[in-house]
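Reviewing the structure listed below.
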Amino acid sequence: MSSSSVAQKRLFHEYRNLSINPPEGIFAGPATEDDMFNWEALIQGPEGTPFEGGVFAAELKFPKDYPLNPPTMKFVGGGVWHPNGDDPNHYEHASERWSPIQSVEKILISVMSMLAEPNDESPANIEAAKMWRDRRNDYERRVRDEVRRGLGL
Amino acid sequence: MSDCSFDIPNSTDWLETPLSLVSPLESSLRCQVCKDFFNNPVITSCSHTFCSLCIRRCLSTEGKCPVCRSSDQELKLRRNWAVQEIVDSFRNARPGMLSLAKHPVDGGKVRGDDNPDGPTPKKRRLNRGETSEESSPVESKMTRLQSRSLRRRAQVAPTEVIEDSEDEDFVPDDGLVACPICKKRMKNDVVFEHLDTCTGPERPSQTTPFSGSLQLRSESPRERPHDSAVTSPQRLPTINYSILKDSVLRKKLRDLGIPDWGPRTLLQRRHMEWMNLWNANSDAKVPKSKQDLLLELGIWERSQGGQAPAASLGGSNSVMHKEFDAAAWSTDHGDEFKRLIANARKRSDAIVRSTIPQSPKGQNELSISNDINAKVTEPNAGEYIETLRSATMGAEQLAYRAEERSGEESGRTEGSSQTQILNATVG
């Protein structure tokens with residue numbers, strides 16, 4: 001009997017799926033293959049949004065009882081200027097709360113779509129939310145600037 | 001971590017083959033929680049299917065169906081034999097299908113072989129039809145009958161092949177080989193010896209052709225438990241932990257034959273895991289032995305339970321951890337500390353003599369410690385030892401103080417002061 005836990009096995013399945021058949025604009029996998037519980041992910045800014053062209057790196061940490069409990073996710077390097085804050089763990093709608101059938105892929109896709117369409121019901125970054133609601137142009141300019149800065153331009 | 005986890009079969013195996021459409025088929029035969037093939041599938045009262053163990057674990061954490069979030073109870077779970085049979089047959093057919101799909105050259109050959117083969121049975125069928133019944137109106141009837149029987153025969157052949165391939169499949173699982181005659185599993189090098197004395201199938205009644213071949217298969221030697229005493233295990237009831245005292249709970253675990261050490265939360269979690277393992281096992285067609293379940297509990301213990309590595313925080317963070325063993329750290333790195341202290345002493349002697357020879361001692365200490373604070377707050381915390389070296393000043397201060405205190409130079413003081421530095425530098 002293999003000594004790997006349910007979590008490891010499941011993470012490996014997800015890793016295989018993501019590396020062989022990745023959704024567009026998303027790359028993810030364990031930082032080292034020795035440790036399936038720490039992942040790195042890259043999310044491309046969705047097209048047609050001010051985040052377009054940006055690449056956002058994130059870290060995912062999985063609990064030992066994954067998938068019973070969700071991983072935590074953190075943007076690496078500065079985060080993003082976004083009404084829902086720069087903590088992607090707060091990006092979910094109430095109806096999209098964690099369930100064991102969710103997956104890394106679904107998390108990353110929902111983060112991506114949250115970048116495109118902020119959820120103004122639960123703003124975490126009030127300032128950004130106000131800017132997004134009242135001065136959309138300023139908001140988009142700021143995001144674009146930050147994207148450019150993030151790329152080192 | 002186990003390397004073997006890196007060649008788990010996965011539904012993506014099909015994607016690069018001409019049979020890419022099998023991929024969604026395979027995904028739908030896999031549990032959405034563990035992503036593995038359904039193992040003892042059960043259906044919830046909201047009609048979703050999961051592995052028995054997976055859904056039990058989910059229900060005991062959240063009490064809701066992972067798919068639709070309607071609340072459910074594990075008592076309402078019902079076994080789903082049909083799904084189990086589909087999964088079993090798919091798994092049996094998988095290696096053959098996959099290798100056929102992966103090697104189009106071979107596939108072509110097979111197809112090529114099929115073509116000449118294809119017509120022959122037809123011909124034979126026709127011939128037989130013609131020879132046995134010469135009147136043409138009856139012929140069509142007969143051929144249909146015959147073709148049916150042929151079809152049945154054709155079914156027999158693949159099932160036999162499948163059973164063979166199944167045995168091949170399981171070779172890597174336990175490192176044993178099945179005797180081709182009696183299907184008993186044994187070590188590779190014993191097989192030939194055994195073949196000389198093999199008396200044939202163990203239970204001849206079971207080998208009657210295709211009377212419920214699936215049942216046959218599931219009773220294949222692989223799954224035959226070590227003892228047949230566990231054929232109908234009693235299900236374990238859920239416990240309301242809050243009404244139990246520690247000692248009672250501990251006794252319960254002992255009575256169940258599982259470890260009873262650890263704090264209360266661990267006891268509860270262990271009991272819950274055992275209950276899930278046990279009850280899921282009672283959903284199995286051929287339940288495993290208690291021994292096997294205990295092994296699985298052991299895996300749980302090592303990965304999530306009491307023997308799980310405490311929060312796997314890396315290097316510098318572990319120093320900040322609440323339960324960080326400062327004493328062990330200072331013994332481990334004692335030499336390093338001593339060297340630092342010696343260095344610091346030399347330098348602080350020099351400083352004291354040259355720069356501030358006459359100032360009162362209290363002030364002296366103050367100024368240096370300010371200095372140190374400035375040094376220490378530099379965002380330099382990375383590799384621990386590096387930090388420590390860069391903060392030799394800290395050790396200087398320590399040495400200076402130690403000299404002032406003169407006489408308190410016992411190892412114990414050193415040890416505790418070391419931890420002081422350690423906290424200071426890292427903090």
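Because the structure is a prediction, the values reported are computed rather than measured. Every chain is numbered from 1 and lettered A, B, ... according to where its sequence line falls, protein lines coming before strand lines.
- With a 4.5 angstrom heavy-atom cutoff, Ser23(B) does not touch chain A via any of its atoms.
- In this structure, CD in Gln304(B) is found 6.5 Å from OG in Ser5(A), a value given to the nearest 0.5 Å.
- Proximity to chain B (any heavy atom under 4.5 Å) is restricted, for Leu68(A), to the side chain, taken from C-beta onward.
- Remark: Lys64(B) NZ is loosely packed, at most 12 non-hydrogen atoms of other residues, nucleotides or ligands lying under 6.0 Å away.
- Evaluation of the side-chain hydrogen bond (donor to acceptor under 3.5 Å, both in side chains) rule for Glu74(B) yields Arg56(B) as partners, not counting sequence neighbours.
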Exercise. Report the C-alpha distance between Asp65(A) and Arg57(B) in whole Å, list the side-chain angles of each, state the deciding distance to 0.1 Å, and finish with yes or no for side chain to side chain contact (heavy atoms under 4.5 Å, CB included).
Key: CA-CA 10 Å; Asp65(A) 59 354; Arg57(B) 280 179 175 148; over 6 Å; no

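- Using a 4.5 Å cut-off on side-chain heavy atoms (C-beta onward), Ser11(B) and Asn17(A) make contact.
- Close approach to chain A, defined as a heavy atom under 4.5 Å from one of its heavy atoms, is seen in Gln32(B), Val33(B), Cys34(B), Lys35(B), Asp36(B) of residues 32-44 of chain B, taken by number.
- Annotation: the span from Arg16(A) atom CZ to Asn10(B) atom CG amounts to 4.5 Å, rounded to 0.5 Å.
- Rounded to the nearest 0.5 Å, atoms CZ (Arg69(B)) and CD1 (Ile101(A)) are 7.5 Å apart.
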